[in-house]
Amino acid sequence: MLQDSVQKFVHRHYSFDDRNAIIDSGSGYSDECWQLFAELGWLTVPFSEDDGGFGGLATDMMVLMEEFGKAMVVEPFVPTAVLGGGLVAALGSEQQKEQNLGPLMEGKLQLGAALYETNGRYNLASVGTTAKRDGDHYVVNGSKILVLNGESAQQLLVSVRTQGAERDEQGISVVLIDAASSGVHKKAYTTVDGHRAAQISFTDVRVPVANCLGAEGEALSALRRVVDRATLCVSAEAVGALDMLLQKTVEYSKTRKQFGTAIGTFQALQHRMADMFIECQLARSIVVMAAMKLDSNLPDAEKARAVSAAKSRVGRAIRKVGQEAVQLHGGIGITNELDVGHLFKRVTGIETLFGNSDFHTARFASL
Amino acid sequence: MNASFTAEELQFQEDARQFLEAEFPKDIRAKVEQRVRLEKDDYVRWQKILYKKGWAAPNWPEEYGGTGWTAVQKYIFAEQMARFGAPEPVAFGMKMVAPVIYSYGNEEQKKRFLPDILASNVWWCQGYSEPNSGSDLASLKTSAVREGDHYIVNGTKTWNTLGQYADWIFCLVRTDNSVKKQEGISFLLIDMKTPGIKVSPIYLIDGTPEVNEVYFENVKVPVENLIGEENKGWTYAKVLLTHERTNIAGVPRSKVRLEKLRALAAKTADGNGGSLSDDPIFKKKIAEAEIQVLALEYAELRALAAVSVGKAPGPESSILKVVGTEVAQFIDELYMEMAAWQSLPFVPDQFVEGFSGEEIGENGEAATALNYFNNRKASIYGGSNEIQKNIICKAVLGL
Ligand SMILES: Cc1cc2nc3c(=O)[nH]c(=O)nc-3n(C[C@H](O)[C@H](O)[C@H](O)COP(=O)(O)OP(=O)(O)OC[C@H]3O[C@@H](n4cnc5c(N)ncnc54)[C@H](O)[C@@H]3O)c2cc1C
């Protein structure tokens with residue numbers, strides 16, 4: 001059902017040309033589409049029924065994201081609904097949820113999660129941004145790299161250190177910071193895959209203590225759980241995009257003629273496409289595994305391990321399928337004219353998001 | 001072939017180093033280091049300095065202005081160039097059309113074209129590929145029909161690298177439709193200012209208009225611009241393609257990029273309080289790349305030792321093309337992995353001269369993805385790597 005509804009939407013509103021126009025627009029996403037996401041109920045998918053959502057199942061998010069992946073949807077679903085909303089849902093008080101999740105699901109609130117720092121690479125516990133108590137405020141100082149949707153986000157969820165040294169697991173909190181606060185400085189840009197992000201620095205930003213989500217200094221495990229859900233989402237998105245790359249390559253190989261015959265008749269290329277198919281299937285399979293585990297009652301470590309396995313394996317598939325799709329298209333594959341190059345760029349971006357294959361392989365081994 | 005350099009070779013290495021230190025323009029060097037895209041003027045200015053020194057065309061026979069260097073000297077020079085980030089002379093004139101002209105052109109043509117190529121007075125581009133003739137180049141359709149003392153050229157060429165800068169284009173054109181496809185092709189030099197030529201840019205996924213489509217509509221080309229004999233163009237072009245292939249191994253550049261990568265990795269945080277150079281997985285990958293480059297280096301030296309000055313190398317050059325491009329692309333991937341989050345910002349304008357906005361990223365990381373995307377071309381052009389393997393199968397393995 002979800003799949004059907006996204007496919008209809010894409011058919012009507014999200015051709016390759018539509019997407020290019022959206023990327024070139026001022027905000028880099030279409031508010032019209034975002035409102036449709038809200039009307040169609042997609043913004044409720046990441047949230048439990050208790051929080052007023054559709055159920056919050058990873059398996060549902062997977063279906064949605066896979067379709068987004070096929071159409072290379074650039075609307076900030078992951079940063080706003082999965083990361084930002086996810087943190088509020090995981091850590092927030094009833095009041096914080098009410099204030100944020102309602103408007104979010106109605107399409108009226110954009111969020112961004114500012115979690116990573118230059119020194120930290122992919123380590124969520126590496127938090128050098130500090131929040132010092134001053135009466136009933138925190139004073140926040142530090143800077144974050146690549147905040148997805150950082151430009152449009154009205155509220156930022158920022159991981160800060162309220163205690164301890166830079167890489168301590170204890171002492172990390174998540175605070176909600178109004179993006180318009182004085183001392184918040186954004187360097188916004190488009191990412192290689194057509195999304196928007198920003199580098200954001202915080203200089204003596206005053207934040208009410210009441211904006212801390214959950215118990216002070218205790219946010220890390222929830223943070224990891226939420227980022228794992230986002231990781232699953234982009235992995236599923238990649239599965240959709242990789243399938244498209246395969247499909248487009250196979251189609252192209254049937255129509256492109258060289259040496260008097262379709263290039264798809266060369267066995268050297270047929271085996272390469274068979275390998276691409278194998279990669280796509282393995283990527284899909286491991287993402288299904290991870291989604292099912294996230295929806296189960298398994299212990300947290302087990303779930304984290306499943307997500308890392310998925311991201312690691314999907315990253316390998318991305319390398320292979322992405323590069324091969326371009327290679328088998330020849331020159332046309334690296335032009336802006338064709339969607340293949342854009343799919344390649346998107347999956348390449350996903351390879352890095354929330355940790356690349358090496359990071360997740362090591363994490364898998366350590367858990 | 002020796003494993004180490006002789007005293008004279010070491011002296012030459014020092015001379016080359018000193019020359020580059022003194023003469024390679026500081027502003028161009030800064031651009032290369034900051035990954036600002038080079039403009040036509042940068043290439044031309046630098047090539048003219050090389051010309052003044054007499055070092056513009058190490059591969060040419062001495063009688064036309066070559067340096068008379070040994071293979072080892074050429075190798076040393078290329079390595080020093082890479083070390084300084086000095087761009088190789090743009091290949092189309094110096095390494096592609098010139099060898100065809102001095103090998104197959106008449107005296108008149110040699111006199112007319114070679115000095116201007118050597119002195120970088122004229123910019124050339126390559127007009128081989130067509131929309132429907134890529135790997136199967138011999139199927140090309142752009143026609144040249146003889147009318148009096150002119151050819152009338154009609155058709156479309158595509159993927160012309162830096163054609164927007166070009167004064168001249170060398171083309172493969174069809175002069176006979178009635179014979180086997182390879183036997184009806186001629187090699188024609190065309191002045192880009194001739195009426196009827198239109199150039200239109202093609203944007204690549206790194207955001208640059210690096211290539212072009214070139215349209216020919218009733219373009220009148222004097223017959224004296226034909227190289228060699230009519231319908232023999234394919235033979236000439238094939239020789240040129242093997243020249244192109246050795247240049248493509250890129251060992252010096254890969255070596256220097258790996259050195260830089262290692263230095264940058266030492267400065268890149270691993271997220272756990274150490275640097276990326278302590279990361280055993282990343283260290284292993286760099287080592288693997290280095291080992292591959294070493295093997296490639298000796299494959300190239302062996303190939304060079306077998307080839308005398310000015311002569312085209314044989315089918316082994318396919319190895320250099322395949323491995324050279326693959327290892328360069330692998331190094332691109334390592335740069336991406338190192339840059340992590342910093343690889344994601346897409347700010348191509350930052351790498352164009354005159355950019356005045358706020359810069360994103362440090363150490364030019366924001367260019368890593370652009371390099372990675374752009375360099376996917378390396379396994380496609382110059383005869384794709386699949387075509388190279390077909391050549392190995394046929395010409396070497398006898399399959
Ligand atoms: C950035 C860039 C710059 C270029 N610059 C120039 C230039 O300056 N001048 C110029 O003339 N050309 C230039 N080229 C063109 C280049 O040489 C062609 O792209 C190349 O020959 C491949 O042709 P194609 O792109 O049409 O791919 P196709 O020939 O359509 O090939 C598509 C795929 O099929 C594979 N394939 C084809 N035939 C076989 C076979 N028999 N067996 C197995 N696999 C096969 C190919 O390897 C490739 O993977 C450039 C290309 C690029 C991308």
Side-chain angles (χ1 to χ4, degrees), chain A residues 116-126 145-146 148 166-167 187-195 197 199 256-260 263 266 268-269 272 319 322-323 326-338 340-342 344-345 348-349 351-353 355-359 361-362, chain B residues 129 131-139 158-159 202-207 211 268-273 276 279-282 285 329 333 336-337 339-347 350 357-362 366 368-370 372-377 379-381 384-386 389-390 393:
Chain A
Y116 293 96
E117 302 184 359
T118 312
N119 281 338
R121 212 169 160 80
Y122 304 120
N123 182 359
L124 286 166
S126 182
I145 52 172
L146 206 105
L148 296 168
E166 188 166 337
R167 279 174 304 277
K187 268 194 220 176
Y189 50 80
T190 304
T191 58
V192 292
D193 42 17
H195 288 240
Q199 232 164 265
R256 173 68 174 173
K257 288 207 168 95
Q258 290 291 283
F259 304 98
I263 59 172
F266 301 131
L269 300 191
R272 305 261 290 267
R319 258 310 145 86
Q323 293 179 351
V326 170
Q327 182 68 24
L328 298 197
H329 274 82
I332 194 87
I334 54 167
T335 64
N336 255 343
E337 285 162 43
L338 213 67
V340 166
H342 297 259
F344 171 57
K345 289 202 280 186
T348 302
E351 219 188 309
T352 299
L353 283 184
N356 64 14
S357 287
D358 285 352
F359 171 81
T361 307
Chain B
S129 308
N132 292 316
S133 303
S135 298
D136 182 15
L137 187 57
S139 68
T158 192
W159 308 120
I202 302 174
Y203 283 81
L204 299 183
I205 51 174
D206 65 349
V211 292
T268 303
D270 69 352
N272 300 311
L276 203 54
D279 181 316
I281 300 180
F282 199 69
K285 286 184 178 176
Q329 291 174 335
E333 293 172 27
M336 289 283 284
E337 290 174 15
W341 294 102
Q342 304 279 19
S343 69
L344 291 172
F346 181 61
V347 275
Q350 191 170 309
E358 243 178 320
E359 289 202 12
I360 305 285
E362 299 152 21
T368 49
L370 304 190
Y372 171 65
F373 295 145
N374 181 284
N375 203 33
R376 297 313 304 171
K377 70 188 175 191
S379 45
I380 296 171
Y381 67 22
S384 75
N385 287 13
E386 289 74 29
K389 289 178 189 172
N390 287 350
C393 289

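To find a chain, count down the sequence lines: A is the first, B the second, and so on, and within it residues start at 1. Keep in mind that the numbers below use all heavy atoms, side chains included, and drop hydrogens, waters and symmetry copies.
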Do you know which of N356(A), L353(A), T352(A) has the most heavy-atom pairs with chain B at a distance under 4.5 angstrom?
-> T352(A)
Toward chain A, the part of L344(B) with a non-hydrogen atom under 4.5 Å | both
Considering only heavy atoms, which portion of I334(A) lies under 4.5 Å from any heavy atom of chain B: side chain, backbone, both, or neither?
-> both
Using the ring of each side chain (for Trp, its six-membered ring), is W341(B) parallel, tilted or perpendicular to Y116(A), with breaks at 30° and 60°?
-> tilted
Taken in chain and number order and not counting sequence neighbours, the residues that satisfy side chain to side chain contact (heavy atoms under 4.5 Å, CB included) with N119(A) are E166(A), A269(B)
Has Y203(B) got more than 12 heavy atoms of other residues, nucleotides or ligands less than 6.0 Å from its OH?
-> no
Measuring heavy-atom distances to chain A, does K389(B) have an atom under 4.5 Å in its side chain, in its backbone, in both, or in neither?
-> neither
Give the member of R121(A), H195(A), R256(A), K257(A) that has the highest number of heavy-atom pairs under 4.5 Å with chain B.
-> R121(A)
Given that the side chain runs from C-beta out, which part of S129(B) has a heavy atom under 4.5 Å from chain A: side chain, backbone, both or neither?
-> neither
Quick one: of D279(B), N374(B), N132(B), who has the most non-hydrogen atom pairs under 4.5 Å with chain A?
-> N132(B)
If one checks every heavy atom of S139(B) against chain A at 4.5 Å, the contacting part turns out to be neither
Interface check, chain B: of A362(A), G349(A), G331(A), most non-hydrogen pairs under 4.5 Å belong to G331(A)
Top contributor to chain A interface from D206(B), T158(B), L137(B), L276(B) [non-hydrogen pairs under 4.5 Å] | L276(B)
Where on W159(B) is there a heavy atom nearer than 4.5 Å to chain A: the side chain, the backbone, both, or neither?
-> side chain
With distance as the sole test, does D136(B) use its side chain to make a donor-acceptor pair with the main-chain N or O of F259(A) at under 3.5 Å?
-> yes
Give, as side chain, backbone, both or neither, the part of Y372(B) having an atom under 4.5 angstrom from any heavy atom of chain A.
-> side chain
Which atoms of Q329(B) come close to chain A, meaning under 4.5 Å heavy atom to heavy atom: side chain ones, backbone ones, both, or neither?
-> neither
Those residues that, when tested against E117(A), pass side chain to side chain contact (heavy atoms under 4.5 Å, CB included) (two or more places apart) = V127(A), T129(A), K144(A)
